[in-house]
Amino acid sequence: MTAAIRPTASGASPSDRIRTRVAAAALVISVASRLIWVFAGPHNFNFVDLRVYYEAAHRVVAGGLYDFALTEYTPRQPLPFTYPPFAAIVFTPLHAVPFPVVALGWLILTVVLLYLVIAMSLAMLRAARGESPALRDVPRSTAMLWTAGVLWLDPVRTNLDYGQINVVLMALGVWAAFITVRYAPGGGARYAPGGGARYAPGGGARYAPGGGARYAPGGGARYAPGGGEGRWGGLRPAWSDGAAGALVGIAAGIKLTPAVGGLFLLARKRWWAAVASGVVFAATVGFGYVLLPAESRRYFTVLIGDTGPIGDPAKPDNQSLRGALSRFAGHDLGSGPAVLIAIGVAAVALLAAWWVCRRGDALIALVLAQSFGLFASPISWIHHWVWIVPTLVWLVHGASGATGGVHGASGATGGVHGASGATGVWARALAVAYAAYSYVGVHGWCAVLGWLHIDSGPVWALALCPNVVATVGLVALILAGAYARRGGTAVSPG
């Protein structure tokens, strides 16, 4: 994987075909290894969270949706159903299928959605550089190699182990963001040429300017520069606003926390999409009240703020700010002043990072919004952090060109191409460190620390908050790159 995403050619060269075959083989081996893992061990087919969803589907008809807790596979940690009633309604068809079939289908669905998340992330980065964001233009080999690799990251691995829904919810959020980029309203140019883009002018290119070319810059061309989405994103809603908003609203209706995707829509000035997300979310709540009135009333008045049934917020599995600070303190800090101050500081830092790259790069805006949601939530288990996938994609493929938003000589997104090529080096170093930690996983590092007789204290607490450390590095990278670009200085890697 390289920092540049090369556009695909109409006819693949022999080297391209070989690369695609190697990538496909790597993906097949990775998926096959996961299947072997599932069937090899006596407890690897438990899919405990998927079994909770499966039982919840039954309880939609049988009743007692919030009165059961799965204990057969986790006797020390009973697992109740903790999502809104709408989620149980969505899961209802699962109960018509034997559980082994559901489990295998869930695993395959997760892999397919990971591939699509990566492809859409790469496509958004293409748009940020002034290239076509069509999925067909994203190199399949790159997306397949990424998919093969991320299957073994700690958050993705635990999603597959437990049969969790977080990859599905992430896919809905990334899809919504992709729609806002791919089908931006207004006459204008969101895919401005530049930086060697496929649609760049000059040299007799297929889409060179002049002569009424379909993709020529200016004059209202489909991918022409200028105008953008308009200051207010258009006075009338476009179909893409409804589609993107609906995806965010449905995801929030299933698990509440994806509602933070509304922040992304607001950050991109997609006002109608944000309104649509709220309307659709309200519709999911209303739908739940119509079909399951008693359960809906109980959930939204009693259970919504109860973290008791889902475990100790101070244990290493909780990667929210509350969890991280509680481990430093040695006990759960709840919603005390320290946690609230930390959330405020995180909000300011993430907002500052978004501000300097707000104009061109949709992917990092999405990552920053979702990171805030994960940090601010009282509970963000390891498997919630599947957003590590688009984060790594951005660090490897987009960081050196997305730390600014001013079109110019530095490239289509402003970036620091002219100011400092070292930003990309730092970004890839952060990506390698973040991925390396995640391949071992929080529980793996707990074991290492235990072997070293470190099971409490600040070193232990710091070592078990990788997402906090990585996000601090991400924000620092963006701000340093913006400073380097503004001051014309280089960010030296050494």
Side-chain angles (χ1 to χ4, degrees), residues 34 37-38 43-44 46-53 70 73-74 76-77 79-80 82-83 106-107 110-111 113-114 117 149-171 173 255-258 260 307 309-328 332 346 367 370-392 431 433-450 455 460-474:
R34 165 52 58 174
W37 167 262
V38 167
H43 303 296
N44 294 348
N46 287 351
F47 292 97
V48 289
D49 287 319
L50 185 57
R51 291 183 187 274
V52 173
Y53 307 157
L70 183 71
Y73 301 96
T74 56
R76 293 184 298 176
Q77 177 66 67
L79 298 175
T82 59
Y83 299 170
W106 197 267
L107 190 152
T110 300
V111 174
L113 291 179
L114 281 169
V117 163
V150 302
L151 283 177
W152 300 93
L153 295 172
D154 199 14
V156 177
R157 188 170 65 233
T158 50
N159 265 268
L160 293 169
D161 287 342
Y162 303 152
Q164 260 284 342
I165 197 174
N166 295 293
V167 171
V168 176
L169 299 176
M170 175 176 65
K255 203 182 174 182
L256 296 185
T257 50
V260 74
T307 62
I310 53 179
D312 178 15
K315 67 181 182 179
D317 300 65
N318 184 15
Q319 291 291 302
S320 69
L321 285 176
R322 174 180 171 179
L325 292 175
S326 295
R327 287 190 288 277
F328 276 99
D332 180 23
V367 166
Q370 295 293 338
S371 296
F372 175 72
L374 290 166
F375 283 134
S377 176
I379 301 291
S380 291
W381 299 132
I382 296 167
H383 52 75
H384 294 166
W385 283 87
V386 289
W387 288 94
I388 186 178
V389 175
T391 301
L392 291 175
Y434 195 14
Y437 185 105
S438 190
Y439 280 125
V440 177
V442 170
H443 292 158
W445 288 108
C446 278
V448 172
L449 293 171
D455 54 11
W460 175 81
L462 181 63
L464 298 180
C465 56
N467 299 297
V468 173
V469 174
T471 304
V472 169
L474 176 65

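Heads up: numbering here begins at 1 and tracks the sequence.
Contact record, V52 with P80: CG1-O, 3.8 Å, taken as the closest heavy-atom pair. Here the closest heavy-atom approach between residue C465 and residue R327 is recorded as CB-NH2, 4.4 Å. Smallest separation of non-hydrogen atoms from L392 and A431: CD2-O, 3.6 Å. The two atoms that bring W381 and D312 nearest to each other are CH2-O, 4.0 Å, heavy atoms only. Heavy-atom minimum distance, A171 versus V117: CA-CG2, 3.6 Å. Heavy-atom minimum distance, N159 versus V386: ND2-CG1, 3.2 Å.
In this structure, CZ in F372 is found 9.0 Å from CG in L321, a value given to the nearest 0.5 Å. Atom CE of M170 and atom CD1 of I165 lie 12.5 Å apart (nearest 0.5 Å). The distance from the CD1 atom of I382 to the CG atom of L153 is 12.5 Å, given to the nearest 0.5 Å.
Counting only heavy atoms from C-beta outward, the side chains of L374 and T257 never approach each other to under 4.5 Å. With a 4.5 Å cut-off on side-chain heavy atoms, Y162 and N46 do not count as touching. Looking at W385 and S380, their side chains come closer than 4.5 Å, going by heavy atoms from C-beta outward. A 4.5 Å side-chain heavy-atom check between K255 and N166 finds at least one atom pair inside the cut-off.
Side chain of N318 to main chain of S320: a donor-acceptor pair is present (N/O by atom type, distance under 3.5 Å, no hydrogens or angles). Between the side chain of S326 and the main chain of A314, no donor-acceptor pair closer than 3.5 Å is present. Side chain of Q319 to backbone of L464: a donor-acceptor contact under 3.5 angstrom is found. In this structure a side-chain-to-backbone donor-acceptor pair under 3.5 Å is missing from S377 to G373. D154 places no side-chain N or O within donor-acceptor distance of the main-chain N or O of Y439, the cut-off being under 3.5 Å. Formation of a donor-acceptor pair under 3.5 Å by the D49 side chain with backbone atoms of L79 is not found in this model.
When the side chain to side chain donor-acceptor pair (under 3.5 Å) test is applied to W445, no partner is found at least two apart in sequence or on another chain. Taking the side chain to side chain donor-acceptor pair (under 3.5 Å) definition, one finds that Y53 meets it with Y83, Q164, sequence neighbours left out. Considering only residues two or more places apart in sequence or on other chains, D332 meets the salt bridge (charged side-chain N to carboxylate O under 4.0 Å, His left out) condition with R322.
The closest side-chain donor-acceptor pair between D317 and H383, if any, does not fall under 3.5 angstrom. Y434 and N467 share a side-chain donor-acceptor pair at under 3.5 Å.
Among the candidates V111, V156, T110, D161, the single residue satisfying the side chain to side chain contact (heavy atoms under 4.5 Å, CB included) test with R34 is D161.
Other residues, nucleotides and ligands contribute at most 12 non-hydrogen atoms within 6.0 Å of the CH2 atom of W37.
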